[in-house]
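Presented below is the structure to which this report refers.
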Amino acid sequence: MVERAGFEQLEQRERRGRFVTVNAAREVNAGPRTRRALRQGEQRAARDRAEGLDAEAGGAARGLEARGQRGRVDHGGFDRLGGIHGMCFRSGRVALSILFLPSLSPFMSNVRVRFAPSPTGFFHIGSARTALFNWLYARHTGGTFVLRIEDTDKERNSEQFLNVIYDSLTWLGLNWDEGPQVGACGGGAHGPYRQSERADIYQAYLKKLLDAGRAYEKDGAIWFKLLGERHEVYDEHRKKTVTKVKNAPALIDDRIRGRVERVEDEDFVIFRSDGNPVFHFVNVVDDIAMAITHVIRGEDHLSNTSKHVELFQAFGAPVPQFAHIPLILKQNGPGKMSKRDQGALIEEYQRRGYLPEALVNFLSLLGWNPGDDREKMPLEEIIRLFDLPGVNQSNARFDDKKLAHVNMAYLLAQPADRFVALARDYFQRTQPGSPALAAAPECFREVMLLAQPKIKGLEELPAYTGYLFAEDYPVDAKVREKVLAKGDPKARLGELAAALPGFDFSSDTTIEEGIKALAAKNALGFGDYQSVARLAVSGINVGPSITGLFRVLGRERVLARFGRFLTTIT
RNA sequence: GUCCCCAUCGUCUAGCCCGGUCAGGACACCACCCUUUCACGGUGAGAACCGGGGUUCGAAUCCCCGUGGGGACGCCA
């Protein structure tokens, strides 16, 4: 079975291999879907080669995976400490395992990517994802992730704004190999990494353009000079006459869009009249000076790229590989997500107690997917699978419901100690005066573990657990009315109170047995006692299991709460 | 207005390269089950190939044209 499947795949692969050049030649006319499929096919083949797999083994493994037999296919991952990369699979009576040395490519990569934010005081979802994709690509390839601060606009800078960037990246776990020195990150041979400190470099590069006759002064600013015939034309949109240049289109080799042509047909400013360089210039100069090999950024920069290509060429520098990733669209209404939009800021998720690893997982899936149905994945797995061909070309709409779901899944999966620590941290940050923090650590722990499987996010914790730490909890009037309307809750509570001293409070199970025995004795159900007891000890009708509540509160407090509640019933 | 990018359920997406599938998964929504409330979990339902041409025995898939969405057009980044 296995050999057969593998054999078929091999034949197709060989055939495809021969057609690759044909397809590449056709690519100019191919639609986006075709282009992506082409890239993905090449990616698969490349991954097989990089992992040292021959086409047969790779094909057979994928064949098994495609038929939903992943449980029997076991990929080893790269072990960066020099372990063996292996793989084995089995189908029916045939078993096969392959062990091989990891390819050297991940260790010898010269991939250099950069994340180049501007310190505007905001760090939003879109920036975070751009940073993440760059970081993932660097980690996947064993390359270098550079952080560069684009602060050429003096109007908008401050030290405080820089911290927003550092804090957010650090919180997300996106450590940088080169960049401003902060904590354990930063340093590097291509510094300084703040553009405001690189003026001399920009002057040197400007001189190159000036000497080559590719820049000139006008109105106190310095302009980049395109090559070609000039003519005046009236621009309808800008309502003014502009000088157009008859220029050849710039070729943009984009790893996600394919081959894009765009004509840059107007000279543009590279130094403002105040003497400061502008974005297009510093961006290109720094990419050259920092030896950036792959420019991964939002698609909103695609139109700028023709300017950048012109500059790279004017400097005689190699043009990097571009990868313009799709934008994140706002949840409601038209347009891309911006700082103003609901849920746009990273610090908001930080504040609300979202798990950074959950946010990273969610963000990685916005515009990229591993090629199968997997969604919740450990970071190492995302790194292993992430690659540019897997990135979509269409924009993605942000969905906070799905993010909340992913976050809940992560919260649910936390080990007890970590969850309690997260909860404590959340309370300390948002409810410094809370009785929860004043409670004994053991008590705090028990309560939080009671809540862990029930809540959707840490932010629900204070409201969800408040009554467990204080005796002055409110009783919800509507709930009270509803619960008291059915049966004889007063009698049930009395019976339970009378039976409670005989209960074994050592575990949920023993408490449950106690209640069940009482219910059986009176020919009633568990629920007849549960609902009124819950109302009495919590004031509401939702929450952790009643047995857990009893256990954590302890017999005395439960009885006291019963007693107090009984006095309010006529 | 000009230029560039994009198009599968309400949303994120698989499938597209290599044409033949009940067009698969997840979130959300609904129903049922589990149950001790609320969640979680389980089962199920509803839900999509933007339109029109072309190629083909056959098109979500290949080609063209529309339409729609997004982006860019600053001495912002």
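Letters A, B, ... mirror the listed sequences (proteins, then strands); counts begin at 1.
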Using a 4.0 Å heavy-atom cut-off across all strands, classify [X] as base, sugar-phosphate, or nothing.
X: Arg397(A); value: sugar-phosphate
X: Glu236(A); value: nothing
X: Gly335(A); value: sugar-phosphate
X: Asp219(A); value: base

Worksheet item: On a plain distance test, is the side chain of Ser273(A) in donor-acceptor contact with the base of rC75(B) below 3.5 Å?
Response: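 Yes.
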
To the nearest Å, how far apart are [X] [atom1] and [N] [atom2]?
X: Leu327(A); N: rC5(B); atom1: CG; atom2: C1'; value: 9 Å
X: Gln393(A); N: rC6(B); atom1: CD; atom2: C1'; value: 8 Å
X: Leu302(A); N: rG69(B); atom1: CG; atom2: P; value: 20 Å
X: His324(A); N: rG71(B); atom1: NE2; atom2: P; value: 15 Å
X: Arg297(A); N: rG71(B); atom1: CZ; atom2: C1'; value: 13 Å
X: Phe271(A); N: rG74(B); atom1: CZ; atom2: P; value: 20 Å
X: Leu365(A); N: rC12(B); atom1: CG; atom2: P; value: 12 Å
X: Glu512(A); N: rU37(B); atom1: CD; atom2: P; value: 12 Å

Looking at [Y], I'd like to know if the NZ or CZ of [X] sits under 6.0 Å from its six-membered ring centre while staying within 45 degrees of the ring's axis.
X: Lys402(A); Y: Phe362(A); answer: no
X: Arg561(A); Y: Phe565(A); answer: no
X: Lys240(A); Y: Tyr234(A); answer: no

Which value, in whole Å, describes the distance between the [atom1] atoms of nucleotides [N] and [M]?
N: rC34(B); M: rG41(B); atom1: C1'; result: 8 Å
N: rC57(B); M: rG51(B); atom1: C1'; result: 25 Å
N: rC63(B); M: rU55(B); atom1: C1'; result: 7 Å
N: rG20(B); M: rC65(B); atom1: P; result: 25 Å
N: rA28(B); M: rG68(B); atom1: P; result: 33 Å
N: rC50(B); M: rC6(B); atom1: C1'; result: 13 Å
N: rC62(B); M: rG15(B); atom1: C1'; result: 16 Å
N: rG71(B); M: rU13(B); atom1: C1'; result: 22 Å

Report yes if a side-chain nitrogen or oxygen of [X] is closer than 4.0 Å to either non-bridging phosphate oxygen (OP1 or OP2) of [N]; otherwise report no.
X: Asn369(A); N: rA14(B); value: yes
X: Arg272(A); N: rA77(B); value: yes
X: Asn392(A); N: rA14(B); value: yes
X: Thr152(A); N: rA77(B); value: yes
X: Lys456(A); N: rC40(B); value: yes

So which nucleotide from [options] ends up closest to the side chain of [X]?
X: Phe279(A); options: rA77(B), rG71(B), rA7(B); value: rA77(B)
X: Leu366(A); options: rC75(B), rC12(B), rU36(B); value: rC12(B)
X: Arg238(A); options: rU36(B), rU37(B), rG74(B); value: rG74(B)
X: Arg257(A); options: rA77(B), rU36(B), rC5(B); value: rC5(B)
X: Val260(A); options: rU37(B), rC27(B), rC5(B); value: rC5(B)
X: Val278(A); options: rG1(B), rC75(B), rA7(B); value: rC75(B)
X: Ser394(A); options: rA7(B), rC40(B), rU37(B); value: rA7(B)
X: His237(A); options: rC5(B), rG1(B), rA77(B); value: rG1(B)
X: Tyr464(A); options: rC75(B), rG70(B), rC38(B); value: rC38(B)

In Å, rounded to the nearest 0.5 Å, how long is the span from [atom1] of [X] to [atom2] of [Y]?
X: Arg262(A); Y: Leu251(A); atom1: CZ; atom2: CG; answer: 13.5 Å
X: Leu450(A); Y: Leu468(A); atom1: CG; atom2: CG; answer: 7.0 Å
X: Glu481(A); Y: Lys486(A); atom1: CD; atom2: NZ; answer: 13.5 Å

Fill in: With sequence neighbours excluded, residues passing side-chain hydrogen bond (donor to acceptor under 3.5 Å, both in side chains) with Tyr467(A)
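Result, side-chain hydrogen bond (donor to acceptor under 3.5 Å, both in side chains) vs Tyr467(A): none returned.
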
Worksheet, complete the sentence: Reading nucleotides 43-48 of chain B from 5' to 3' and marking B where a protein heavy atom lies under 4.0 Å of the base, S where only the sugar-phosphate is that close, and - otherwise, the string is ------

Taking N or O atoms only and anything under 3.5 Å, show me the protein contacts with nucleotides 23-26 of chain B, one pair per line.
unit_1: rG24(B); atom_1: N2; unit_2: Asp373(A); atom_2: OD1; d: 3.4
unit_1: rG25(B); atom_1: N2; unit_2: Glu375(A); atom_2: OE2; d: 3.4
unit_1: rA26(B); atom_1: O2'; unit_2: Glu375(A); atom_2: OE1; d: 2.6
unit_1: rA26(B); atom_1: O2'; unit_2: Lys402(A); atom_2: NZ; d: 3.2
unit_1: rA26(B); atom_1: N3; unit_2: Lys402(A); atom_2: NZ; d: 3.1

Atom pairs under 3.5 Å, N or O on each side, protein against nucleotides 29-35 of chain B: can you list them with distances?
none

Item to complete: Select from Pro326(A) and Gly220(A) the residue whose nearest nucleotide in RNA chain B is closer to the 5' end of that strand.
Response: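 Comparing both residues, the 5'-ward one is Pro326(A).
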
Discussion item. Counting the benzene-type ring for Trp, do Phe279(A) and His301(A) have ring centres under 6.0 Å apart?
Written reply: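 Ring centroids of Phe279(A) and His301(A) are less than 6.0 Å from each other.
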
Discussion item. Contact list please: residues 541-549 of chain A against RNA chain B, heavy atoms, distance less than 4.0 Å, in numerical order.
Written reply: Asn541(A), Val542(A), Gly543(A), Pro544(A), Ser545(A), Ile546(A), Thr547(A)

Worksheet item: In the structure shown, which nucleotide is the Watson-Crick or G-U wobble counterpart of rC73(B), with both distances under 3.5 Å?
Response: rG1(B)

Item to complete: Evaluate the criterion salt bridge (Lys or Arg N to Asp or Glu O under 4.0 Å) for residue pair Arg259(A) and Asp253(A); output intermediate values, then yes/no.
Response: CA-CA 5 Å; Arg259(A) 182 189 157 105; Asp253(A) 178 17; over 6 Å; no

Item to complete: Would you mind listing every side chain to side chain donor-acceptor pair (under 3.5 Å) that reaches into residues 214-225 of chain A, with sequence neighbours excluded?
Response: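 Listed once each, the pairs are Tyr216(A)-Asp267(A).
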
Worksheet item: What class does the angle between the rings of Trp368(A) and Phe386(A) fall in, given that below 30° is parallel, 30 to 60° is tilted and above 60° is perpendicular?
Response: tilted

Item to complete: Determine the sole option in Tyr193(A), Tyr205(A), Tyr202(A) for which the side-chain hydrogen bond (donor to acceptor under 3.5 Å, both in side chains) test with Asp286(A) is passed.
Response: Tyr202(A)

